[in-house]
Amino acid sequence: MLLAQSLFSQNSDILNVVTTPDGFYSKPGRVTKEDRRIDGSPYVNGDKFEKVIIKDYSKNVQDLRYNAYRDEMEFKLGDELYNANKTEGLKVQFLSLKKTYESVTYSYDGKTKSGYLVLLVDKPKFSLYKREKMELMGGTRSNNGFTKDANDYYERDKDLYLIAKDKKFLKFPKNTSEASEVFSIDKKELESFVKSNKINFNKEPDMIKLVEFINK
């Protein structure tokens, strides 16, 4: 049986967490604390650490939270905060949030990234993912002695929806014409489904419904 346990050395501050051979928790990087005040939060789900399920791991895995600014899964042991190692294809299920994140390497805007995407539809033919992202915005600086400088702050970026097709990632289509090309489906058949189900290409539940239909 695969185990998840923490091993500490009294003579070292290096963390060594032993789990499965992929090393998700093994020798993770310690999170560097910010040396300045930043307003807001980098956590889209709140800063609480949540129970998770990871396939083939023991039930004693560390609680996690997703940092959408750093694009990292964080866990805490003692007073120290750590980033788990990214493991391609690993799925982290947050039961209380009803969310599953998958560690994937994907390309978008000409850049290849390795990070976590929310898995909305998991099918062999077409899968649907959502990227959650926090941006760090610069606060305004006072130009006089009467007002205070405004702190830097976190601001949520617009969610990005991606279609995974044959291990390639494409931006979710904006309309029926684009969807017909992306999903290689007859346009008239698609138009009929979109019309009868009042599909809105900008709403997540409708995106899920559309991709589920395409996969049938």
Side-chain angles (χ1 to χ4, degrees), residues 20-24 42-45 50 52-57 61 64-74 83-135 156-194 197-216:
T20 55
D22 58 36
F24 180 64
Y43 307 105
V44 297
N45 304 311
E50 303 282 353
V52 299
I53 292 178
I54 303 175
K55 185 180 179 182
D56 295 330
Y57 278 56
V61 297
L64 295 171
R65 69 184 180 192
Y66 176 60
N67 187 320
Y69 171 64
R70 296 182 183 274
D71 197 8
E72 299 282 0
M73 286 291 172
E74 299 177 347
N83 291 325
N85 296 308
K86 291 186 174 74
T87 302
E88 183 71 16
L90 184 139
K91 297 173 184 176
V92 181
Q93 184 180 5
F94 289 80
L95 291 180
S96 63
L97 301 174
K98 297 181 180 179
K99 263 184 175 181
T100 297
Y101 289 83
E102 183 175 349
S103 176
V104 295
T105 300
Y106 63 100
S107 295
Y108 178 72
D109 266 353
K111 298 179 181 178
T112 299
K113 301 178 182 180
S114 293
Y116 294 94
L117 299 176
V118 180
L119 180 58
L120 299 174
V121 177
D122 186 12
K123 298 291 183 181
K125 191 174 182 181
F126 295 101
S127 293
L128 176 63
Y129 293 89
K130 175 173 66 174
R131 184 202 67 184
E132 299 172 330
K133 186 177 181 182
M134 285 288 190
E135 297 279 9
R156 185 165 180 173
D157 197 2
K158 184 178 179 181
D159 291 337
L160 173 67
Y161 292 89
L162 297 168
I163 293 292
K165 176 184 179 183
D166 298 327
K167 296 185 178 181
K168 295 181 180 178
F169 287 80
L170 305 169
K171 189 174 181 179
F172 191 85
K174 294 182 293 186
N175 50 48
T176 304
S177 295
E178 284 190 11
S180 177
E181 294 183 12
V182 169
F183 297 117
S184 301
I185 188 173
D186 180 74
K187 187 176 179 180
K188 289 185 177 180
E189 180 184 358
L190 186 59
E191 285 177 340
S192 176
F193 176 81
V194 169
N197 289 273
K198 299 180 180 178
I199 296 295
N200 185 324
F201 283 81
N202 295 312
K203 291 185 177 181
E204 184 176 301
D206 287 358
M207 295 179 187
I208 294 173
K209 186 183 293 185
L210 178 61
V211 177
E212 293 281 11
F213 166 73
I214 298 296
N215 277 289
K216 291 181 179 178

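Keep in mind the model is a prediction, meaning the values are calculated, not measured. All values below were derived from every heavy atom in this structure, side-chain atoms included, with hydrogens, water molecules and symmetry-related copies excluded.
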> Which residue pairs satisfy the side-chain hydrogen bond (donor to acceptor under 3.5 Å, both in side chains) criterion with at least one member in residues 183-193, sequence neighbours excluded?
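Output for this query lists S177-K187.
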> Return yes if some donor-acceptor pair links the side-chain N/O of S180 with the main-chain N/O of I185 below 3.5 Å, else return no.
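Answer holds: yes.
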> Taking C-beta and beyond as the side chain, do V104 and Y116 meet within less than 4.5 Å on heavy atoms?
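No, too far: nothing below the 4.5 Å cut-off.
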> Let's go through I54 and K91 carefully: what are the C-alpha distance in whole Å and the side-chain angles of both, what is the deciding distance for side-chain contact (heavy atoms from CB on, under 4.5 Å) to 0.1 Å, and is it a yes or a no?
CA-CA 6 Å; I54 303 175; K91 297 173 184 176; over 6 Å; no
> To the nearest 0.5 Å, what is the distance between CD1 on I199 and CG on N175?
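If I round to the nearest 0.5 Å, the distance is 13.5 Å.
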> Given side chains that start at C-beta, do those of T105 and K113 come closer than 4.5 Å, heavy atoms only?
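Result no, sub-4.5 Å side-chain heavy-atom pair not found.
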> With sequence neighbours left out, write down each residue that passes ring pair (Phe, Tyr, Trp, His ring centres under 6.0 Å) with Y129, or none if nothing qualifies.
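Once residues adjacent in sequence are excluded, the partners of Y129 under the ring pair (Phe, Tyr, Trp, His ring centres under 6.0 Å) criterion are F169.
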> Could you walk me through whether R131 and D157 pass the salt bridge (charged side-chain N to carboxylate O under 4.0 Å, His left out) check?
CA-CA 10 Å; R131 184 202 67 184; D157 197 2; 3.6 Å; yes
> Report all side-chain donor-acceptor pairs from residues 205-216 shorter than 3.5 Å, counting only partners two or more places apart or in another chain.
unit_1: D206; atom_1: OD2; unit_2: N200; atom_2: N; d: 2.8
unit_1: N215; atom_1: OD1; unit_2: F126; atom_2: N; d: 3.1
unit_1: N215; atom_1: ND2; unit_2: F126; atom_2: O; d: 3.0
unit_1: N215; atom_1: ND2; unit_2: V211; atom_2: O; d: 2.8

> With sequence neighbours left out, write down each residue that passes salt bridge (charged side-chain N to carboxylate O under 4.0 Å, His left out) with E102, or none if nothing qualifies.
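Here no residue qualifies.
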> Does NZ in K203 sit with more than 12 non-hydrogen atoms of other residues, nucleotides or ligands closer than 6.0 Å?
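Atom NZ in K203 is not packed in, count stays at 12 or less.
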> Go through the structure and list residues passing salt bridge (charged side-chain N to carboxylate O under 4.0 Å, His left out) with K133, not counting sequence neighbours.
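Scan of K133 (salt bridge (charged side-chain N to carboxylate O under 4.0 Å, His left out), adjacent residues dropped) gives E135.
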> Just by distance, with hydrogens left out, do T87 and S103 show a side-chain donor and acceptor under 3.5 Å apart?
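Side chains of T87 and S103: no pair found under 3.5 Å.
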> Could you tell me which non-hydrogen atom of Y106 sits nearest to which non-hydrogen atom of G115, and how far apart they are?
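Heavy-atom minimum between the residues: CE2-N, 4.4 Å.
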> Counting C-beta onward and ignoring hydrogens, is there a side-chain heavy-atom pair between F183 and P173 closer than 4.5 Å?
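Yes, side chains in contact.
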> Side-chain contact, heavy-atom cut-off 4.5 Å: K171 with L160?
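A side-chain contact under 4.5 Å exists here.
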> Compile the donor-acceptor pairs under 3.5 Å between side chains in residues 92-100 and protein atoms, sequence neighbours left out, one pair per line.
unit_1: S96; atom_1: OG; unit_2: E50; atom_2: OE1; d: 2.8
unit_1: K99; atom_1: NZ; unit_2: N45; atom_2: OD1; d: 2.7
unit_1: K99; atom_1: NZ; unit_2: Y101; atom_2: OH; d: 3.4
unit_1: K99; atom_1: NZ; unit_2: E132; atom_2: OE2; d: 2.6

> Working to the nearest 0.5 Å, report the span between CG of L190 and CD of E181.
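Reported value, rounded in 0.5 Å steps: 11.5 Å.
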> Give the intermediate values and the outcome of side-chain contact (heavy atoms from CB on, under 4.5 Å) for residues M73 and R65.
CA-CA 6 Å; M73 286 291 172; R65 69 184 180 192; over 6 Å; no
> How long is the straight-line distance from CG of L162 back to CG of L117, given to the nearest 0.5 Å?
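The CG atom of L162 is 6.5 Å from CG of L117, to the nearest 0.5 Å.
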> Could you tell me which residues satisfy side-chain contact (heavy atoms from CB on, under 4.5 Å) with N67, sequence neighbours excluded, listed by chain and number?
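Result, side-chain contact (heavy atoms from CB on, under 4.5 Å) vs N67: P42, Y43, Y69, R70, E74.
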> Listed by chain and number, what are the side chain to side chain donor-acceptor pair (under 3.5 Å) partners of Y161, not counting sequence neighbours?
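Expected list: E204.
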